[in-house]
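Comments concern the structure below.
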Amino acid sequence: MRKEEKAQEINEIAEILSKYSTVYVADLTGLTVEKTNNLRRTCFRKGVKVRMVKNTLLRKAMEQLDADYSEMYEALHGNSAIMMAEVGNLPARIIKDFRGKAAIPAIKAAYIDQSVYLGDNQIDILASLKSREELIGDIIGLLQSPARNVISALQSGGGKLAGIVKTLSEREN
């Protein structure tokens with residue numbers, strides 16, 4: 001690869017990385033062509049971008065960006081693929097579901113909203129992370145719960161109160 005081609009590749013990787021707040025570096029070593037294609041198809045269907053990269057070019061692209069990827073540099077060895085998504089837990093869920101009981105694909109490192117996770121032992125933590133939308137839904141549910149309880153109590157109490165008033169008014173007649 002010539003110097004101009006490397007510079008162009010670094011710029012392409014940097015441009016792609018700048019668009020995503022979630023970046024996983026995965027090891028796909030040992031996957032057959034068929035399984036690799038199946039993984040790529042699954043990622044495409046779920047909105048995860050996958051790209052095979054050279055570690056040195058990836059590191060240089062990361063160094064160009066404002067985000068601090070420096071903790072991930074130690075994971076850049078061997079064969080690497082980057083997986084980028086808008087939702088932080090999506091690549092981990094795809095990998096976990098895809099591999100089943102096998103050890104590959106493996107997560108080398110993950111960068112999610114300025115937090116770095118190193119090693120494949122983090123896959124359960126990464127897969128269980130809640131997305132921004134899920135967290136907002138949980139907060140709204142928690143905020144609505146007391147209001148629902150008050151409304152429910154007033155509705156049930158209102159019916160009882162109306163019944164008591166009706167009974168009392170009928171007694172006087």
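Counting begins at 1 with the first residue of the sequence.
In the hydrophobic clustering of ILVMFWY residues, with side-chain heavy atoms under 4.5 Å counting as a link, I107 and V50 come out together. The hydrophobic cluster containing Y20 also contains I10, counting ILVMFWY residues as joined when their side-chain heavy atoms lie under 4.5 angstrom apart, directly or transitively. Clustering ILVMFWY residues whenever any of their side-chain heavy atoms sit less than 4.5 angstrom apart, transitively, puts L129 in a cluster other than the one holding Y111.
L17 is listed as a side-chain neighbour of V23, based on a closest heavy-atom distance under 4.5 Å. You'll find the side chain of V53 reaches within 4.5 Å of the side chain of I13, heavy atoms only. With contacts defined as side-chain heavy-atom distances shorter than 4.5 Å, the pair L39/N37 does not qualify. Side-chain contact check for M84 versus I82: some heavy-atom pair is nearer than 4.5 Å. Contact annotation: the side chain of C43 approaches that of M83 to within less than 4.5 Å [non-hydrogen atoms, C-beta and beyond].
Among all heavy-atom pairs drawn from A26 and I95, the shortest one is CB-CD1, 4.4 Å. Taking each heavy atom of Y24 and G88 in turn, the nearest pair found is OH-O, 2.7 Å. When all heavy atoms of I104 and G30 are compared, the closest pair comes out as CD1-C, 3.5 Å. The two residues V48 and A85 make their nearest non-hydrogen contact at CG2-CB, 3.9 Å.
Under a cut-off of 6.0 angstrom, the local environment of CD in E5 is crowded, with over 12 non-hydrogen atoms contributed by other residues, nucleotides or ligands. More than 12 heavy atoms of other shown residues, nucleotides or ligands fall within 6.0 angstrom of atom OH in Y73.
A salt bridge links R51 with E12: the distance from a Lys NZ or Arg NE/NH1/NH2 to an Asp or Glu carboxylate oxygen falls below 4.0 Å. Using a 4.0 Å cut-off between charged side-chain N and carboxylate O, E9 and R2 make no salt bridge.
Proximity of a side-chain donor or acceptor of N55 to a complementary backbone N or O of G78 within less than 3.5 Å is detected. With N79 contributing its side chain and D27 its backbone, the two residues share no donor-acceptor pair below 3.5 Å.
In summary, of the residues considered (M52, K35, R45, K49), a side-chain contact (heavy atoms from CB on, under 4.5 Å) with R40 occurs for M52 alone. Results of the salt bridge (Lys or Arg N to Asp or Glu O under 4.0 Å) test with D120 over K108, R99, K96 single out R99 as the only residue that passes.
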I'd like a table of donor-acceptor pairs (distance under 3.5 Å, sequence neighbours excluded) in which one partner is a side-chain atom from residues 112-119, with atom names and distances.
residue: D113; atom: OD1; partner: S21; partner atom: OG; Å: 3.3

Validation: residues 60-70 side-chain donor-acceptor distances under 3.5 Å, sequence neighbours left out:
residue: E63; atom: OE2; partner: R59; partner atom: NE; Å: 3.1
residue: D68; atom: OD1; partner: S70; partner atom: N; Å: 3.2
residue: D68; atom: OD1; partner: S70; partner atom: OG; Å: 2.7

Worksheet item: Yes or no on side-chain contact (heavy atoms from CB on, under 4.5 Å) for L58 and V25, after CA distance, side-chain angles and deciding distance?
Response: CA-CA 10 Å; L58 177 59; V25 178; 4.2 Å; yes

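Distance check: L126 CG to L90 CG gives 12.0 Å after rounding to the nearest 0.5 Å. Distance check: N89 CG to I123 CD1 gives 11.5 Å after rounding to the nearest 0.5 Å. We find the OG1-CD1 distance between T42 and I94 to be 7.0 Å, quoted to the nearest 0.5 Å.
A donor-acceptor pair shorter than 3.5 Å can be found between the side chains of N38 and R41.
Taking a 4.5 Å side-chain heavy-atom cut-off between Ile, Leu, Val, Met, Phe, Trp and Tyr, the cluster of I140 extends to I136.
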